[in-house]
Structure formats: C-alpha cells, structure tokens
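One structure is given below, encoded as structure tokens.
Computation of the quantities below employed the complete heavy-atom set of this structure, encompassing side-chain atoms and omitting hydrogens, waters and symmetry-equivalent molecules.
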Amino acid sequence: MNYTEVRWTVNPLIPFREILTVYLADAGFDSFVDFEEGVLAYIPSDLLVEESLLQLAQTMKEMEAECTFTHQEIEQQNWNAEWESQFEPIEVSANCRVRAPFHDQVPVQYDLIIEPKMSFGTGHHATTFLMLDQMLKMDFQGKSVLDMGSGTGVLAFLAEKMGAEKIVAIDIDDWAFENCVENAERNGCHKTQVIQGGAERIEDQYEVIIANINSNILVQDGVVY
C-alpha cells in the first residue's frame, strides 16, 4: 500500500492546526505529524481526492485561517534503518517502556518491544502514548480484548501483559499484520491472536475494545455504536 503525504502550512497555527487535523481525520487521513508551520497528514494514495483538499482549504479560509498544501506519494518500504537511527525508547510511566530490540533492557514491569517494518506505527504518536497511559489505569485481568486497527500490536501486547486472557489484534494492512505477528513473538505474547482483515473478521464480543483509529471508522464498521 502506498501512502500520500500532504504537507499543510497553517496560519495562525493555534488553534487552527488542531481544527484542520480533525477535518483531515474525518476525510480518511490516518496519521499526523506536527511541525513548526503546520501538520503532515498521511492517507492511502487510492483514497486521496485532491478536490476535497481544495474544499478544505476554502473551509479553513472561511474560518479566517490561511492553509496551503503540497503533496507527494511515499512508496511503502522497509523503514528499519530510519527507525533505528531516530527511535528513542518511550517512557510511558515508571513501570511501562516501549523500546526496539536494539535498545538495552531496563527493569520495568511492562517492557514492550516493537520493531516496525512499515512507515507508520512507531508508537511515538501522541494518541498511542495517551492510550498506553490510559490502559495502565485500567483492569485487564481475565478480560477479553479487541485491538481494532492494531498496527504494530503494542496496545494488544500491553493488554496481555496486564493480564487479559483473550486478545485479538486485527488490521487490514498486510505489513501491519506481518509486523504484529513478529512483534507478538518478540514480546512472548502467545495469547494474542493476530488477524488480517476488517470488521467482517470479528466473530465474538469483547469486554474491552481498544482502537487507535478514527471513531467514524468504528461506527461505520459496526464495531461500536
């Protein structure tokens, strides 16, 4: 799957970068990276409609924000070299840490090992961090858990390490599926079942659903109501 990167410059930056990001998420963009002048937004190339970008720029102008954009297609590739050169361990809390296999292990209760082989899902995005932080406050002991749009599988693995009894990690992307399988082995998470597909592959009901994807997708697919 190829992705398109759309580079948005936003003026004034606050609060309109956040407003723009919400609109982009509703339009199907699934990853965002803030930079000094705006936001980089990523969408599967076959879902990109340039006319909708022009319309969104006009909408923002009517809200008294000046937004311009450029875009380029990014071919899928193995991002391990880039990952290894830039990735630093994520200290979620005093007892939870996300690291790559090449980082030294430190004594924490929840040591999560992630080495993605795709362009997204490194675990550094703010939403992933916030979800990991929130999960640490929850009770997963003996629960059944669905990780919808699992990506690297980091959320599913934390759920298993926190005592979940049945865990399903599901993602439509073949790179995500393969990477999640490998990461499950790295983390010794043998209770986590990794599935490639969408909502049509979900057969059971779950006590806990964790999903680091847009809520409109969950509603559209009937995962939540």
Exercise answer: donor-acceptor pairs, residues 134-148 side-chain atoms, under 3.5 Å, sequence neighbours excluded:
residue: D139; atom: OD1; partner: Q141; partner atom: N; Å: 3.0
residue: K143; atom: NZ; partner: D139; partner atom: O; Å: 3.1
residue: S144; atom: OG; partner: E207; partner atom: N; Å: 3.0
residue: S144; atom: OG; partner: E207; partner atom: OE1; Å: 3.4
residue: D147; atom: OD2; partner: A156; partner atom: N; Å: 3.2

Atom [atom1] in [X], atom [atom2] in [Y]: separation rounded to 0.5 Å?
X	Y	atom1	atom2	answer
D174	N179	CG	CG	11.5 Å
L112	R99	CG	CZ	9.5 Å
I202	I195	CD1	CD1	8.0 Å
L20	T9	CG	OG1	10.0 Å
E185	C180	CD	SG	12.0 Å
L48	D46	CG	CG	9.5 Å

Less than 4.5 Å apart, any side-chain heavy atom of [X] and any of [Y]?
X	Y	answer
F16	I19	yes
R186	P101	yes
F157	I114	yes
L13	E37	no
W8	L53	yes
V6	F29	yes
L132	Y110	no

Checklist entry - Should L47 and L56 be counted in the same cluster of Ile, Leu, Val, Met, Phe, Trp and Tyr side chains packed under 4.5 Å apart? => result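 Yes, because L47 and L56 connect within a single hydrophobic cluster, where side-chain heavy atoms sit under 4.5 Å apart.
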Checklist entry - So if you build clusters from Ile, Leu, Val, Met, Phe, Trp, Tyr with side-chain heavy-atom gaps below 4.5 Å, do L24 and M60 land together? => result yes
Next on the checklist: Once you measure the plane-to-plane angle for H71 and F69, does it fall in the parallel (<30°), tilted (30-60°) or perpendicular (>60°) bin?
Outcome noted: parallel
Side-chain donor-acceptor pairs under 3.5 Å in residues 161-172, sequence neighbours left out?
residue: K161; atom: NZ; partner: N187; partner atom: O; Å: 3.3
residue: E165; atom: OE1; partner: K191; partner atom: NZ; Å: 3.3
residue: K166; atom: NZ; partner: D204; partner atom: OD2; Å: 2.7
residue: D171; atom: OD1; partner: D173; partner atom: N; Å: 2.9
residue: D171; atom: OD2; partner: S150; partner atom: N; Å: 3.4
residue: D171; atom: OD2; partner: G151; partner atom: N; Å: 2.9

Item to check | Exceeds 12 heavy-atom contacts within 6.0 angstrom, atom CD of E203 | outcome: no
Checklist entry - Is NZ or CZ of R7 both nearer than 6.0 Å to the six-membered ring centre of F35 and within 45° of the ring axis? => result yes
Checklist entry - Are T4 and E73 close enough, and set up right, to give a side-chain hydrogen bond (donor to acceptor under 3.5 Å, both in side chains), and what steps lead you there? => result CA-CA 4 Å; T4 294; E73 188 171 61; 4.6 Å; no
Next on the checklist: For Y206, give me all partners under ring-ring contact (aromatic ring centres under 6.0 Å, His included), at least two apart in sequence or on another chain.
Outcome noted: none
Item to check | Test side-chain hydrogen bond (donor to acceptor under 3.5 Å, both in side chains) applied to N183 and T152, step by step | outcome: CA-CA 7 Å; N183 284 329; T152 61; 4.9 Å; no
Next on the checklist: Before you tell me yes or no, could you show the steps for D111 and I113 under side-chain contact (heavy atoms from CB on, under 4.5 Å), namely the whole-Å CA-CA distance, both residues' side-chain angles and the distance that decides it to 0.1 Å?
Outcome noted: CA-CA 7 Å; D111 180 40; I113 308 169; 4.1 Å; yes
